[in-house]
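Step one of this worksheet: look at the structure below.
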Number of protein chains: 2
Amino acid sequence: MRHFDFEQISTLDPTYRKNLINALPGYKPLHLMGTKSKLGVTNLAVFSQVMHIGASPPLIGVLFRPHSVKRDSLENILDTHVFTLNHVLPDWHVQAHWSSGRWEGSEFEGTGLVEEYKADWPAPFVSGSPVQLACSLVQSQTLEVNQTVLAIAQINHVFVAEHGLRSDGSLDLNALETVSVSGLDEYHRGKKIARWSYAKPGIFPEEI
Amino acid sequence: MRHFDFEQISTLDPTYRKNLINALPGYKPLHLMGTKSKLGVTNLAVFSQVMHIGASPPLIGVLFRPHSVKRDSLENILDTHVFTLNHVLPDWHVQAHWSSGRWEGSEFEGTGLVEEYKADWPAPFVSGSPVQLACSLVQSQTLEVNQTVLAIAQINHVFVAEHGLRSDGSLDLNALETVSVSGLDEYHRGKKIARWSYAKPGIFPEEI
């Protein structure tokens, strides 16, 4: 195995280091976040640092890079307190990637992805996304360690394509064709290996 | 599409709600965390709330459920300040799942996964894992919103199987056979769709 210690990591070429360290978490969630500014300009941005915070009440977290430069999505959320999260499909995952460019106007216009409004939610959903979440900010905190910002939001609405919703509430992400991201720029489909029963000591799990 | 609003989510059957809300992030990273208690008892636990915090210095975060019941991994980290994170392979992903049972002794013994020690790191790695990280606690903070605990750690050592390390520092997770998890209990391989050049406004990304 290749071994890098802390000193070696510190002296790596910055691009090499960024590629390596961003890949270490493994397969990451991929979401398009839709927001709208106070002036009504929509914004679309791609996020991979999205995490389950709690099921009851339903809470989800998004980690933003340091707020030291202009971050349209974060500023819109701090202003309006609402946003959407949208799963990405293989057919338009490149448009999702493209939304991370430093566009002047709305990334919807730039990339050709289409805004959708429903449930009286003021932030735009991404039309065609198989899992769409309407979220409202509960708390945002800056992590002292490097000034990244963790936004924690309540999930106010969930829209799920019927063909991916199982009778026990779980989602069939393979059927939904949800895309995952690794590193900074690589996109994947998932291929199910198995699903296992609740783990108990001494009793080997059963496939469910 | 099926629509659930906040009130409907609140009144769902608890198991249905847990399955649904845990699936909303999409494909999640999967890691086995290795720790050792002050008394020398090793512990192994599976985590999906693992996130990239920063590349320089290299920082990674893990979100723990509320510390209101006994959490061996978290207590070991608070005591010893060190842990390991290990990618999971398809061949033994069920043992990883099994480690989440409430074992009395070490989950290594219980599940049959094998401890590995190297680089003078006091916490156990998982033998055979293609990506192994030695981490040291930098900061832990309790999220007010629901008492989950975010632990932020420095990455002190990275071990990567050579066949998955590309010349630009990125990892080929498909080649490494890294496993991803969705919801509470479903495991997946990844299948690359594409990798795209750095996004710029007005210039369609190129495949790299």
Side-chain angles (χ1 to χ4, degrees), chain A residues 1-6 9 16-23 25-27 29 49-52 54-55 58 87 90 97-98 100-101 103 138-139 145-146 152 156-162 165 168-171 173 178 180 182-183 185-193 195-196 199-201 205, chain B residues 1-6 9 16-23 25-27 29 49-52 54-55 58 87 90 97-98 100-101 103 138-139 145-146 152 156-162 165 168-171 173 178 180 182-183 185-193 195-196 199-201 205:
Chain A
M1 290 181 101
R2 185 76 73 84
H3 175 207
F4 302 92
D5 68 18
F6 188 76
I9 294 170
Y16 190 102
R17 178 171 55 229
K18 233 190 276 184
N19 282 331
L20 177 65
I21 305 299
N22 276 277
Y27 294 105
Q49 305 307 98
V50 174
M51 76 212 83
H52 173 78
H87 283 206
H97 178 78
W98 203 14
S100 63
W103 296 87
V138 172
Q139 191 186 320
V145 75
N146 69 349
I152 300 173
N156 290 65
H157 297 276
V158 174
F159 295 91
V160 185
E162 296 276 357
L165 179 63
D168 66 356
S170 70
L171 299 187
L173 297 184
T178 289
S180 162
S182 69
D185 48 25
E186 191 167 344
Y187 299 88
H188 308 264
R189 292 169 186 270
K191 196 171 173 334
K192 178 178 173 180
I193 305 169
R195 202 177 160 198
W196 297 99
K200 293 174 183 164
Chain B
M1 292 180 100
R2 186 74 74 84
H3 175 207
F4 302 92
D5 66 18
F6 187 76
I9 295 169
Y16 189 102
R17 179 173 55 230
K18 234 191 272 183
N19 281 331
L20 177 65
I21 305 299
N22 276 277
Y27 294 105
Q49 306 306 101
V50 174
M51 76 212 84
H52 172 79
H87 284 208
H97 178 78
W98 203 15
S100 64
W103 296 88
V138 172
Q139 190 186 319
V145 76
N146 68 349
I152 300 172
N156 289 66
H157 297 277
V158 174
F159 295 90
V160 185
E162 295 277 358
L165 179 62
D168 66 356
S170 69
L171 299 188
L173 297 185
T178 289
S180 163
S182 69
D185 47 26
E186 190 166 345
Y187 299 88
H188 307 266
R189 294 169 185 270
K191 194 170 176 332
K192 177 178 173 179
I193 305 169
R195 201 176 161 199
W196 298 98
K200 293 174 184 165

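When reading the values below, keep in mind they use all heavy atoms of this one structure, side chains included, and skip hydrogens, waters and symmetry mates. Note that the coordinates shown come from a computational prediction; the quantities given were computed from them, not determined experimentally. The chains referred to below are lettered A, B, ... by the order of the sequence lines, with proteins before strands, and numbering in each begins at 1.
Annotation for B/Leu173 and A/Ala23: closest pair CD2-O, 4.4 Å, computed over non-hydrogen atoms. Closest approach of B/Thr178 and A/Tyr27 over heavy atoms only: O-CE1, 3.2 Å. Shown here for B/Ile9 and B/Arg17, the closest heavy-atom pair between the two residues is O-NH1, 3.1 Å.
Looking at B/Trp98, its side chain does come within 3.5 Å of a backbone N or O of A/Lys200 through a donor-acceptor pair.
Contact count versus chain B (heavy atoms, under 4.5 Å) is highest, among A/His3, A/Met51, A/Gln139, for A/His3. Most heavy-atom pairs under 4.5 Å with chain B, from the set A/Asp5, A/Leu171, A/Val160: that is A/Val160. Among A/Ser100, A/Gly54, A/Gly190, the residue making the largest number of heavy-atom pairs under 4.5 Å with chain B is A/Gly190. Of the listed residues (A/Arg189, A/Arg195, A/His157), the greatest number of heavy-atom pairs within a distance under 4.5 Å of chain B belongs to A/Arg195.
Contact of B/Leu165 with chain A is made through the side chain alone, with heavy-atom distances under 4.5 Å. Contact annotation for B/His87: only side-chain heavy atoms (C-beta onward) come within less than 4.5 Å of a heavy atom of chain A. Interface remark: B/Val158 contributes backbone and side-chain atoms alike to the contact with chain A (heavy atom separation under 4.5 Å). Contacts of B/Asn146 with chain A are made by side-chain atoms alone, with heavy-atom separations under 4.5 Å and no backbone atom involved. Of the two parts of A/Val145, the backbone and the side chain both hold a non-hydrogen atom closer than 4.5 Å to a non-hydrogen atom of chain B. If you measure heavy-atom distances from A/Ile152 to chain B, the contacts under 4.5 Å come from the side chain alone.
Residues meeting the side-chain hydrogen bond (donor to acceptor under 3.5 Å, both in side chains) test with B/Asn22, sequence neighbours left out: A/His52. In this structure, A/Trp103 has no side-chain hydrogen bond (donor to acceptor under 3.5 Å, both in side chains) partners at least two apart in sequence or on a different chain.
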